[in-house]
2 protein chains.
Amino acid sequence: MSEEHTTEARILEAAKKVFITRGMAGARMQDIANEAGINKALLHYYFRSKEKLFETIFREIAQRFIPRMTAIFESDLTLFEKIEVFSSEYIDNVMKNPYIPLFVLNELNKQPDTFVKQVWGDKKPNIEKVVAQINEEVARGNIKPVHPLHLLMNLLAMCVFPFVAKPMLQGVTGLTNEQFTMLMEQRKKEVPRFIIESIKK
Amino acid sequence: MSEEHTTEARILEAAKKVFITRGMAGARMQDIANEAGINKALLHYYFRSKEKLFETIFREIAQRFIPRMTAIFESDLTLFEKIEVFSSEYIDNVMKNPYIPLFVLNELNKQPDTFVKQVWGDKKPNIEKVVAQINEEVARGNIKPVHPLHLLMNLLAMCVFPFVAKPMLQGVTGLTNEQFTMLMEQRKKEVPRFIIESIKK
DNA sequence: ACTTTTGTTAACCATTTGGTTAAACTAAAA
DNA sequence: TTTTAGTTTAACCAAATGGTTAACAAAAGT
């Protein structure tokens, strides 16, 4: 517990919480102020406007999540290793911040032009390496023929989707939170197993 | 083109459009009124409040999408057929209304207790039949051992995710809308192929 | 010591927003 | 032709909301 807790940090913390749970449109500056335990005017002292504050939060979140996920793709691991490591790391990561994916997807959909480019304007994720790697494995006859983009979409989809659909899944299955967590824990092995089983020869 | 176009219908049409694109929190009654080409007071004449109107829209949407998707699971098709039909039907369906899934997931997450139960309060989707079917196929040794819930999550994830992540995917890959559509068209065959390839013996 | 800068607050302001009211209009019934 | 019921509008209202101002406290220079 390092207790710096400067005012700006408290604001960012509060803003992150409120923005993530309520979204840009649903968040209220007053709520953020309350959550941070400060006056509302102080928000505008540190961050000129709601948009500025949101932008700060959004970029911080997006740039802490996306690079970590693409770093694995850019590494020197084998394809199967990448699939395994990605699933495990990513699901682990999201389990600690389950509301991030929907938040990002949502705001990205609502304001594509504003954010999409700014998110990875400088550090556009380089998936070409994995794509080449997949094509190569196919060419060598190590795995069955598969469109790289579909494969990557499948991987990402299977890791992320359960979290954004959690309320729906719980509505259908009646799963408790604990059961859901256990299911996601299993999933760290299940997803790569499922994928590899599908493409291996 | 049946041109009844009663005022109420125009309102519902406009509200659906605005709510889906902006979400409950982001939608403005005035926008809906403008979109419907009527006075704002008329909205309240037909639907007492914003919440009432939203509820109407949300339930209409959810109850037209979800039952259609579960009907396939409850049918008498073989497991492989179900996987194939579901993928094809569902992707087709979402291609015609690409913003629906994120809208539903989003509002379902923001107001779980309010909607989750009301959506399928009366017609809770019965996935037990497919679950039993999957277990049976495993027991008979027709497919490899697989946890039914994971399998169903995988199927749903692979069908839905690309649409909710479209801006992200386009940001990464630079895909045009036409290319994206083509990719989704392929996907109607690719998803079941991928899944069946994984579980078949 | 005092002056300048930085941090913080209460009170305030303008606009937006969901919602209401009363009056006007329309069309069909009496 | 007058009622009457439903439909539509302009004008209005109160609350909420993003943002500002002026005063004040606390550090930081000098």
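For clarity, every value in this text was computed on a predicted model and none was experimentally measured. Residue numbers start from 1 in every chain, and the chains themselves are labelled A, B, ... in the order their sequence lines are given, proteins ahead of strands.
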Inset, instruction - Please determine, for the side chain of I38(B), which listed nucleotide (dT9(D), dT9(C), dG19(C)) has the closest atom? - result: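 Between dT9(D), dT9(C), dG19(C), the one nearest the side chain of I38(B) would be dT9(D).
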
Inset, instruction - Please identify each residue that fulfils ring pair (Phe, Tyr, Trp, His ring centres under 6.0 Å) with Y90(A), with sequence neighbours left out. - result: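 Testing Y90(A) for ring pair (Phe, Tyr, Trp, His ring centres under 6.0 Å), a comparison that skips the adjacent residues, returns F86(A).
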
Can you tell me the distance, in whole Å, between the [atom1] atom of [X] and the [atom2] atom of [N]?
X	N	atom1	atom2	value
F47(A)	dG19(D)	CZ	P	14 Å
M29(B)	dT15(C)	CE	P	24 Å
L53(A)	dG19(D)	CG	C1'	14 Å
H44(A)	dA10(C)	NE2	P	16 Å

Is any side-chain nitrogen or oxygen of [X] closer than 4.0 Å to OP1 or OP2 of [N]?
X	N	answer
Y46(B)	dT8(D)	yes
T7(A)	dT8(C)	yes
R28(A)	dG18(D)	yes

Legend entry - K188(A) atom NZ, over 12 foreign heavy atoms within 6.0 Å: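 Enclosed: over 12 neighbouring heavy atoms sit under 6.0 Å from NZ of K188(A).
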
Inset, instruction - Answer yes or no: is there a side-chain heavy-atom contact under 4.5 Å between K144(B) and E197(A)? - result: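 K144(B) reaches E197(A) side chain to side chain.
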
Legend entry - Sugar-phosphate only, base, or nothing, as touched by A33(B) at under 4.0 Å among non-hydrogen atoms: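 It contacts nothing in the nucleic acid.
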
Inset, instruction - Report the residue (Y45(A) or A41(A)) whose heavy-atom-nearest nucleotide on DNA chain C is the more 5′ of the two. - result: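 On the 5' side of the pair lies Y45(A).
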
Inset, instruction - Please state whether the rings of H147(A) and H150(A) are parallel, tilted or perpendicular, taking 30° and 60° as the class boundaries. - result: perpendicular

